Asks: 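Here's a structure for you.
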Amino acid sequence: MASTMLSLPCTSSSASLSMHQLNKGKVKLGSSDSSICINNDRNSPFTKIKSFGRISMTVATNVSRFEGVTMAPPDPILGVSEAFKADTHEMKLNLGVGAYRTEELQPYVLKVVKKAENLMLERGENKEYLPIEGLAAFNKVTAELLFGTDNPVIQKQRVATVQGLSGTGSLRLAAALIERYFPGAKVLISSPTWGNHKNIFNDARVPWSEYRYYDPKTVGLDFEGMIADIKAAPEGSFVLLHGCAHNPTGIDPTPEQWKQIADVIQEKNHIPFFDVAYQGFASGSLDEDAASVRLFAARGIELLVAQSYSKNLGLYSERIGAMNIVCSSADAAARVKSQLKRIARPMYSNPPIHGARIVANVVGDPGLFSEWKAEMEMMAGRIKNVRQKLFDSLSAKDKSGKDWSFILKQIGMFSFTGLNKAQSDNMTNKWHVYMTKDGRISLAGLSLAKCEYLADAIFDSYHNVS
Ligand code: PGU
């Protein structure tokens, strides 16, 4: 039972008016006299305190106005970190969230980020509001990083770029634009995909359906299924594509397959909608990882690209990213940008400055830029090393003939192990390995030292749990 302190003017009319309001709000009071409810028992929660012509009393509310609000389930990805924190086992391992850790399994702040932050301190930069569309220097470099400085879409000012609240916020902005300007249009999402994609389009009231992507038999891409489903979708649908390092499968189309995907999308007049959350993290090269987006842009197709700097610059909690919409003319881009700003203004008004300045400083300075590339290669390299070691350990242990080579074929932060829910539960309950229930493990949270232990856990879960 909750209690609330009330202070009422000591006149009968105002007291009874207050009572009326209280009763309407289902507030219950203790034993009452004729006009107001006062309890003289000092130990009761309903205690009268009289002072200077006002009566103060404590009232108890036993029915919340939020009675109809049900408990939400934990988030399938971020909820895993909460469960991990509560576990006290010494061998516990958090392979849930896609966040880079050092070999010592500690969070990593890039050296180049610290340098950029020092620069900001030295310059004594202010904390004034940013424009709705974000920091101009950031918007310039982020679009150039994605498309390449010399790309005609940049030269001809055909890209509407606005700073967003990282990848998620940028996706959400574009979803709102789709809902407003393309009513009824469907977004096609890969099956499986990053869990939050569906939430984003649901909340924006944009209808979506899935296209085939992952083939459990080959633990590879179901390319024919993908093409057939994109072909079968209503003309003018949005097709959500992971620019590189597909989450959760770690399986990307080959350059040849990307061309065929572009062919079908063009043929059907669809609009590609790229989610680029791992530029530089898949191959270690920023340019290589942007090749899919650049292929579509080179064909003159109008497209959308959400960007995130959570992973490649380790700016997870700074919430820095962008939405880029490539239009067929500079005029259309200007109008689209104006509407993106209109959507952003009542949602969050304008974005935060800190991460935007870091990105602008790092990408805009040739020295810092090359240091960043070296650090990104180092991070991508560490992940490749644990990937190899995990494969070696599993192959050495498993004499059943099971082929684990898919681990080596997958790229990016994750490995999609093929473990089902019961097997994933065994990983957590028996082995204290925290992962998402779709069988995804984040190799960015694994150290060489723990590969052997993880291989034991996977071996046991795969062979001993059905
Ligand atoms: N798009 C994809 C494909 C992602 O994997 C993620 C992050 C995002 C967008 C959004 O990242 P921002 O931090 O908003 O830029 N996915 C991670 C991080 C945890 C989460 O679910 O937000 C993951 O573990 O899948």
Side-chain angles (χ1 to χ4, degrees), residues 73-84 94-101 107 134 138 142 145-146 162-175 187 189-201 203-204 208 213-214 239-252 273-282 289-290 292-293 304-324 347-348 351-352 354-356 358-359 379 383 410-416 424 434-446:
D75 184 80
I77 300 178
L78 298 182
V80 173
S81 297
E82 290 167 30
F84 171 78
N94 187 3
L95 308 183
V97 67
Y100 182 81
R101 297 280 180 270
F138 165 79
T142 198
L145 194 73
L146 183 63
V162 296
Q163 183 185 331
L165 304 184
S166 212
T168 308
S170 305
L171 287 160
R172 184 65 178 80
L173 263 188
V187 175
I189 299 175
S190 67
S191 173
T193 193
W194 174 50
N196 214 18
H197 279 148
K198 293 175 184 173
N199 299 334
I200 290 168
F201 293 109
D203 275 12
W208 54 268
Y213 192 83
Y214 173 71
V239 184
L240 191 74
L241 300 159
H242 299 222
C244 63
H246 182 272
N247 179 4
T249 65
I251 303 159
D252 284 351
F273 184 164
F274 281 94
D275 181 354
V276 177
Y278 300 93
Q279 190 180 354
F281 236 100
D289 289 351
S292 56
V293 169
L304 292 76
V305 192
Q307 280 174 291
S308 164
Y309 290 92
S310 291
K311 324 284 171 145
N312 54 11
L313 255 177
L315 294 176
Y316 308 93
S317 54
E318 295 296 352
R319 313 309 296 145
I320 178 65
M323 173 44 64
N324 303 270
M347 266 197 207
Y348 56 85
H354 193 78
I358 295 173
V359 177
M379 292 191 287
I383 297 172
Q410 298 169 344
I411 56 164
M413 275 192 164
F414 303 109
S415 178
F416 204 50
S424 303
Y434 288 78
M435 58 189 285
T436 52
K437 299 298 171 211
D438 56 2
R440 184 190 89 169
I441 53 176
S442 168
L443 297 178
L446 178 64

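All residue numbers refer to positions in the sequence shown, counting from 1. Keep in mind the model is a prediction, meaning the values are calculated, not measured. Counting starts at 1 for both ligands and their atoms, following the listed order.
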Asks: Among Leu240, Asp275, Ile320, Ile200, whose heavy atom sits nearest atom 3 (C) of ligand 1?
Replies: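 Minimum heavy-atom distance to atom 3 (C) of ligand 1 goes to Asp275.
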
Asks: Please examine the side chains of Leu173 and Tyr348, heavy atoms only from C-beta on, and report whether any two atoms are closer than 4.5 Å.
Replies: yes

Asks: Look at ligand 1 and say whether Asn196 reaches it with a heavy atom at a distance under 4.0 Å.
Replies: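 No.
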
Asks: Given side chain to side chain contact (heavy atoms under 4.5 Å, CB included), test Thr168 with Trp194 step by step and report yes or no.
Replies: CA-CA 11 Å; Thr168 308; Trp194 174 50; 3.4 Å; yes

Asks: Under 4.0 angstrom from ligand 1, any heavy atom of His246?
Replies: no

Asks: Can you tell me if Met413 contacts ligand 1 (heavy atom of the residue under 4.0 Å from the ligand)?
Replies: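 No heavy atom of Met413 comes that close to ligand 1.
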
Asks: Heavy-atom contacts under 4.0 Å between Ile77 and ligand 1: side chain, backbone, both, or neither?
Replies: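 The answer is the side chain.
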
Asks: Tell me which part of Val97 gets within contact of ligand 1: side chain, backbone, both or neither, using heavy atoms under 4.0 Å.
Replies: both

Asks: For the pair Tyr309 and Thr142, evaluate side-chain hydrogen bond (donor to acceptor under 3.5 Å, both in side chains) and give the outcome as yes or no after the intermediate values.
Replies: CA-CA 10 Å; Tyr309 290 92; Thr142 198; 2.6 Å; yes

Asks: Heavy-atom contact under 4.0 Å between Tyr309 and ligand 1?
Replies: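 No, Tyr309 has no heavy atom closer than 4.0 Å to ligand 1.
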
Asks: Any atoms of ligand 1 less than 4.0 Å from a non-hydrogen atom of Ser166? List them with their elements.
Replies: 12 (P), 13 (O), 14 (O), 15 (O)

Asks: Should you measure from each heavy atom of Gly167, which atoms of ligand 1 turn up under 4.0 Å away?
Replies: 12 (P), 14 (O), 15 (O)

Asks: Using a 4.0 Å cut-off to any heavy atom of Ser308, which atoms of ligand 1 qualify?
Replies: 12 (P), 15 (O)

Asks: Are any of the side-chain heavy atoms of Asp275 and His197 separated by less than 4.5 Å?
Replies: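 Side-chain contact under 4.5 Å: yes.
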
Asks: What's the shortest distance from atom 13 (O) of ligand 1 to any protein heavy atom, and which residue and atom give it?
Replies: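 The answer is Ser310 OG, 2.7 Å.
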
Asks: Of all heavy-atom pairs between Gly164 and Ser170, which one has the smallest distance, and what is that distance?
Replies: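 For Gly164 and Ser170, the tightest heavy-atom pair comes out as CA-OG, 3.5 Å.
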
Asks: Looking only at protein heavy atoms, which one is nearest to atom 17 (C) of ligand 1, and what is the separation?
Replies: Lys311 NZ, 2.8 Å

Asks: To check you understand the geometry: which heavy-atom pair defines the closest contact between Ile189 and Phe201, and what is its length?
Replies: CD1-CD1, 4.0 Å

Asks: Would you compute the distance between atom OH of Tyr214 and atom OG of Ser190 and round it to the nearest 0.5 angstrom?
Replies: 13.0 Å

Asks: Can a donor-acceptor pair be found between the side chains of His242 and Thr193 at a distance below 3.5 Å?
Replies: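 There is such a pair between these side chains.
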
Asks: For the OG atom of Ser308 and the OH atom of Tyr278, what is their distance to the nearest 0.5 Å?
Replies: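 Reported value, rounded in 0.5 Å steps: 8.0 Å.
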
Asks: Considering only protein heavy atoms, which is closest to atom 20 (C) of ligand 1, and at what distance to one decimal place?
Replies: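 Checking every protein heavy atom, the shortest distance to atom 20 (C) of ligand 1 gives Trp194 NE1, 3.6 Å.
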
Asks: Need the ligand 1 atom indices (1-based, order shown) with element for anything under 4.0 Å from a heavy-atom of Arg319.
Replies: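 That gives atoms 12 (P), 13 (O), 14 (O) of ligand 1.
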
Asks: Looking at atom 14 (O) of ligand 1, what's its closest protein heavy atom, distance included?
Replies: Thr168 OG1, 2.6 Å

Asks: Please state which part of Arg440 comes within less than 4.0 Å of ligand 1, counting heavy atoms only: side chain, backbone, both or neither.
Replies: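 For Arg440, the contact with ligand 1 is made by the side chain alone.
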
Asks: Hey, is Tyr316 touching ligand 1 through its side chain, its backbone, both or neither, going by heavy atoms under 4.0 Å?
Replies: neither

Asks: Set out, in order, the CA-CA distance, both residues' side-chain angles and the distance that settles side chain to side chain contact (heavy atoms under 4.5 Å, CB included) for Ser310 and Glu318, then state yes or no.
Replies: CA-CA 8 Å; Ser310 291; Glu318 295 296 352; over 6 Å; no

Asks: Show which atoms of ligand 1 fall inside a sub-4.0 Å distance from at least one heavy-atom site of Gly98.
Replies: 23 (C), 24 (O)

Asks: For Ala277, take its heavy atoms, then give the atoms of ligand 1 lying under 4.0 Å from any of them.
Replies: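 Contacts of ligand 1 toward Ala277, numbered from 1: 1 (N), 2 (C), 4 (C), 9 (C).
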
Asks: To the nearest 0.5 Å, what is the distance between CD1 (Ile441) and CE (Met435)?
Replies: 6.5 Å

Asks: Rounded to the nearest 0.5 Å, what separation is found between the CD1 atom of Ile383 and the CG atom of Leu446?
Replies: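 Here the interatomic distance stands at 10.0 Å.
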
